[in-house]
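Letters A, B, ... are given to chains in the order of the sequence lines, protein chains preceding strands, and every chain is numbered from 1. Just so it is clear, the values below take in all heavy atoms, side chains as well, and ignore hydrogens, waters and symmetry mates.
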Amino acid sequence: MTGTLTSAWRSEFPGLQQLAAEGQTWLDSAATAQKPRVMLDALQHWYAGGVANVHRSQHRPGERATTAFEQARRDIANWLGCDAASSLVFTRGTTESINLLAYSLSTSFHPGDEILVGAHEHHANLLPWQQLARRKNLVLRILPLDAAGALDMPAALAMLGPRSRLLAVSPLSNVLGHMHDLTPLLQRARELDVLSVIDGAQYAVHRQPNLAQLDADFFVCSAHKLYGPEGVGLLYAHPRRHTLLQPWQWGGEMVEHCDYQNASARPLPLGLEAGTPNTGGIIAFAATLNWLETLDRAAIEQHESALHCSLLGGLKRRGMQLLGQPDTALACFNAPGIHSADLAMLLGEQGIAVRAGQHCAMPVLDSLGLSGAVRVSLAFYNNGEDLERFFTALDAALEILA
Amino acid sequence: MTGTLTSAWRSEFPGLQQLAAEGQTWLDSAATAQKPRVMLDALQHWYAGGVANVHRSQHRPGERATTAFEQARRDIANWLGCDAASSLVFTRGTTESINLLAYSLSTSFHPGDEILVGAHEHHANLLPWQQLARRKNLVLRILPLDAAGALDMPAALAMLGPRSRLLAVSPLSNVLGHMHDLTPLLQRARELDVLSVIDGAQYAVHRQPNLAQLDADFFVCSAHKLYGPEGVGLLYAHPRRHTLLQPWQWGGEMVEHCDYQNASARPLPLGLEAGTPNTGGIIAFAATLNWLETLDRAAIEQHESALHCSLLGGLKRRGMQLLGQPDTALACFNAPGIHSADLAMLLGEQGIAVRAGQHCAMPVLDSLGLSGAVRVSLAFYNNGEDLERFFTALDAALEILA
Amino acid sequence: MTALSPAAQAMLNEFSACKGWEQRARLLLKHGQQLPALPPELRTDKQLVRGCESPVWCQPDWPDGRLQLQLDTDARLLKGLLQVLRVRLEGLTAQQLAEVDLADWYSRLGLARQLSSSRSNGLNAVYQYVLYCGGRAGADTSPGCAGSCQQAATNR
Amino acid sequence: MTALSPAAQAMLNEFSACKGWEQRARLLLKHGQQLPALPPELRTDKQLVRGCESPVWCQPDWPDGRLQLQLDTDARLLKGLLQVLRVRLEGLTAQQLAEVDLADWYSRLGLARQLSSSRSNGLNAVYQYVLYCGGRAGADTSPGCAGSCQQAATNR
Ligand SMILES: Cc1ncc(COP(=O)(O)O)c(C=O)c1O
Ligand SMILES: Cc1ncc(COP(=O)(O)O)c(C=O)c1O
């Protein structure tokens, strides 16, 4: 029974207790995750301890801030399995990371070059490329999905060709919940010298990345989905591609030398980090990952997978229509003959925090002929009771809307 | 005597107590400010209360987040005296706000158009314009300083002409500490239909802005200098200029409609806010300003001005060479015949957190023939004892370096 | 604040009698059924109010200076919410319209949450749209003001 | 870890005897005076190590496979810190150089803070630069590797 699925980690998340006290069940973690105590404490510690700017350190508070900041960079790089901390650039989030790439790489493209993007991408991994294609007269090609709602790998491989210049794809979609093995695609991209961008916003939450092994050119994700604070994102850039990255935003910190008419940027990562960074957020994110690192990964993945099975089972038993064949973290569905907005409203009335709509992926919903869907998304702090409450509410809603 | 200058607000800043316990005196507030308790509490409250995304609100936590977020926007707009909250865009900081403008406005320029920038600008208000000028073949002209280190207003007025398209200037420089009255310049800009950008990063800390009265086209500042959290900045855009602003970053939230090949952006402010915002930071910033609003503005300005007098007096008595004729918030200086780095190092050894170097304003230091300067910067939480400690340390340093 | 019409008063009485979300939901569904479907030729982009996750079509008219409102959407509960809006607004002059306290209306019906979450269901966007069209009703009564609805919706 | 030369050992003894920051500062000033000024013709951009707020000029040579190091800067205390670096590194082979634990060295002298704040004073940048030039010393002993110093400085 789902009720016996308990989360060993739940009590570390004060927000969940507060939500429970208000009768709310959080099943919208793919949108943003609740935060562990260690994250709150790190933020508090930073702000209560006396703040200072980084990278200007004639005084001790500045020195301490710089040390903590660069240690956070190393810790996060370690967690990602990335070779050198100097390849890790801090941004505001996945969206900014991808926009940064789309501007910063733009001199690497020639008219007619092709950008390949998965059909299931979040707007953040579609629109910046679409706009780059418009600016530079490139061709944006969409890698199709197969009948199961996964990337059609043979088709994708066949689309990679001599005109391909960049491939942008996410291993785990925020709508279809299918975990892709991108190895063959990335390998082909390397053979053809195609730039590869991995949108790891959802993926990194459910599989600890090993960037050295993945061997993509660029990898991006957001802290807030990974149990970290808001306003922090990552951009990993493989050293072999550093020289392609032109400065994008200009200002303090990132500049090496300038006069009124000329300026030169520092090398990565500083050259892409203009302005005062979100130091406290970055330190708190590193603290979050350091804590995650102490947990039993296998146990987490097993728990998440048991929750997911239970979710799928319950949806299928009730005849819900799933989008694709989700195998990880989330499921999007519709009730036959019922509008997703109606279902979502009645779930919301009952304190079930799920999401309905187009999930920032309008094109894929359009292509499935759907105006929307309800999404239930899980994290390792969820438990069987959360699912029971969800199904009880779903049954009540279905009865009213029948 | 300086020792009798007490700050009624100091006890609200836990970071200062922590720094004091470590023997550190914070005189680097122009770089970043310490945070009031109310800011820490607001952050903690947000993260411990159960987070949610904004602008997607079928569930109660999302609705609550959206309400708090948009209320924060109104509160901040109110504090700034700006006409409509819809003119207020959230960014990461001043640097991002100005970069946003330099990209987003770029279709408003034609080759040969002139951009006018103060000689005293921070890199953040110089380099983005410099780069825009390069991209679009514009002419970057530098508004000169007078002998006192203030903008030479007659010269600046004379430089505004038919080819001028944009004027970017800060009322209070982070190096020269002179408070400018920009009214005549802004008025002339309006007459000539020149776009005006005010870098209020330092200004907003020491004078509560009244944007309606200032009547510039754009105003930017950073939360972290204004006693708020890191990773939050503001861009105010006057409604008369909204249509000039093209979308810059693309992604979720900001898009109105899209398919694989086309997308349209929402109107301001959302259309310029791509990706998940720093919701907690923004809410905590609004809490900070709401608290500031309850304080006695006149008393604060009087206290800051007394501190500043005392600082100037002590520096002059010791024969220090001031940069310009600072009248607000800070003073940059050099000791005759002593390298600023040497002085800074010995002040740092004695727990005095001041800054030395070029202060992200290389060109103005170059033009003064200086390799650097020491900057002491004040906030309303400083007191006479802070200055006494500084002067004691300065005397000791001068003796060693004599 | 503009007074309630008899139809609105009746609706208020009905909702006031509801106990809990379930009864309110059923009542909303019932009222939704009373919202006449918009003829297909009026379900065009011109009538589409943006700023809603579920599309809402909206055709306001002022035959004798008083609002007559056609509304439609695909979701059934949202239909009910639109009917609640329609009953409150129909028959009002442009002037009266501007003085309606919508938040108060929905909250008296126990539907406050539905209004406040209107970034996705667009109730406010619809109201702003009607208001906007009402403001220009003298100048232009044709349904051609859709372009500014999103503006209206996001400026609220 | 590479052993200390007699000169370095003597310096360590001197600094160990210091009580407090003031004595250390005076000692640094004294040692700074022992750093020979770089001839003006070597104070060029080629020898400039970036990544320092105060410019540092650096000319490493390996006359017989052992480092000979000319360093200069304008600030007096930084001169002292450079002399401290020079005394530790001079006479080492490229191989020994790579095995120096700089953090340990400065911290034994009571100067740990000065190293850790080296984003501005560039001590680490100088060391990385020398290391880099040492690594290519066989291939190229000319002072032409300045382009990569900033890289070295920021990658630390
Ligand atoms: C797959 C994917 N990519 C990108 C994003 C955008 O992330 P952010 O809003 O944190 O920038 C999301 C968030 O929903 C996502 O799920
Ligand atoms: C006048 C001025 N403008 C811009 C900035 C840049 O602000 P931020 O680093 O918060 O983006 C600063 C900060 O030092 C400043 O003093």
Side-chain angles (χ1 to χ4, degrees), chain B residues 19 22-25 28 31-32 122-123 174-175 321 323 332-366 368-375 389-390 392-402, chain D residues 15 18-35 37-38 43 45 48-57 71-85 106-107 109-126 150 153:
Chain B
L19 288 173
E22 297 166 18
Q24 296 291 320
T25 301
D28 197 13
T32 201
H122 188 277
H123 292 163
N174 64 316
V175 178
Q321 296 161 334
L323 270 64
C332 273
F333 70 95
N334 273 298
I338 291 180
H339 197 286
S340 63
D342 287 335
L343 200 52
M345 182 170 150
L346 292 191
L347 290 170
E349 284 292 337
Q350 298 175 79
I352 304 296
V354 294
R355 202 154 142 190
Q358 304 184 302
H359 310 290
C360 288
M362 288 184 199
V364 70
L365 276 122
D366 282 352
L368 297 169
L370 293 172
S371 68
V374 174
R375 180 184 71 191
R389 276 192 298 274
F390 162 68
T392 306
L394 178 61
D395 291 337
L398 291 174
E399 201 220 298
I400 292 175
L401 294 168
Chain D
F15 273 93
C18 282
K19 290 185 200 61
W21 67 271
E22 195 166 337
Q23 290 190 11
R24 257 195 313 274
R26 293 194 194 273
L27 195 55
L28 267 184
L29 289 174
K30 193 192 93 183
H31 282 291
Q33 285 169 350
Q34 282 152 30
L35 187 73
L38 212 63
R43 273 191 168 223
D45 267 10
L48 192 68
V49 181
R50 306 234 183 217
C52 331
E53 292 235 326
S54 307
V56 170
W57 291 271
L71 292 167
D72 205 0
T73 190
D74 292 330
R76 288 161 62 204
L77 285 158
L78 180 49
K79 265 202 179 115
L81 291 168
L82 291 175
Q83 171 71 352
V84 163
L85 184 70
Y106 279 97
S107 106
L109 297 180
L111 299 170
R113 272 199 59 208
Q114 305 312 324
L115 182 70
S116 71
S117 69
S118 65
R119 178 82 61 183
S120 45
N121 67 30
L123 293 174
N124 235 317
V126 173
Q150 358 155 350

Checklist entry - Which atom names give the shortest non-hydrogen contact between Ala402(B) and Arg76(D), and what distance separates them? => result O-NH2, 4.4 Å

Checklist entry - Going through the checks in order, is the side chain to side chain contact (heavy atoms under 4.5 Å, CB included) test met by Glu349(B) and Leu77(D)? => result CA-CA 12 Å; Glu349(B) 284 292 337; Leu77(D) 285 158; over 6 Å; no

Next on the checklist: Please tell me whether Gln350(B) and Glu22(D) have a donor and an acceptor in their side chains that are separated by less than 3.5 angstrom.
Outcome noted: no

Checklist entry - What distance separates Gln23(D) CD from Ile400(B) CD1, expressed to the nearest 0.5 Å? => result 10.0 Å

Checklist entry - Would Met345(B) and Leu81(D) count as a side chain to side chain contact (heavy atoms under 4.5 Å, CB included) if you check the C-alpha gap in whole Å, the side-chain angles of each, and the deciding distance to 0.1 Å? => result CA-CA 12 Å; Met345(B) 182 170 150; Leu81(D) 291 168; 4.1 Å; yes

Checklist outcome for this item: So, the part of Leu401(B) with a heavy atom under 4.5 Å from chain D: the answer is both

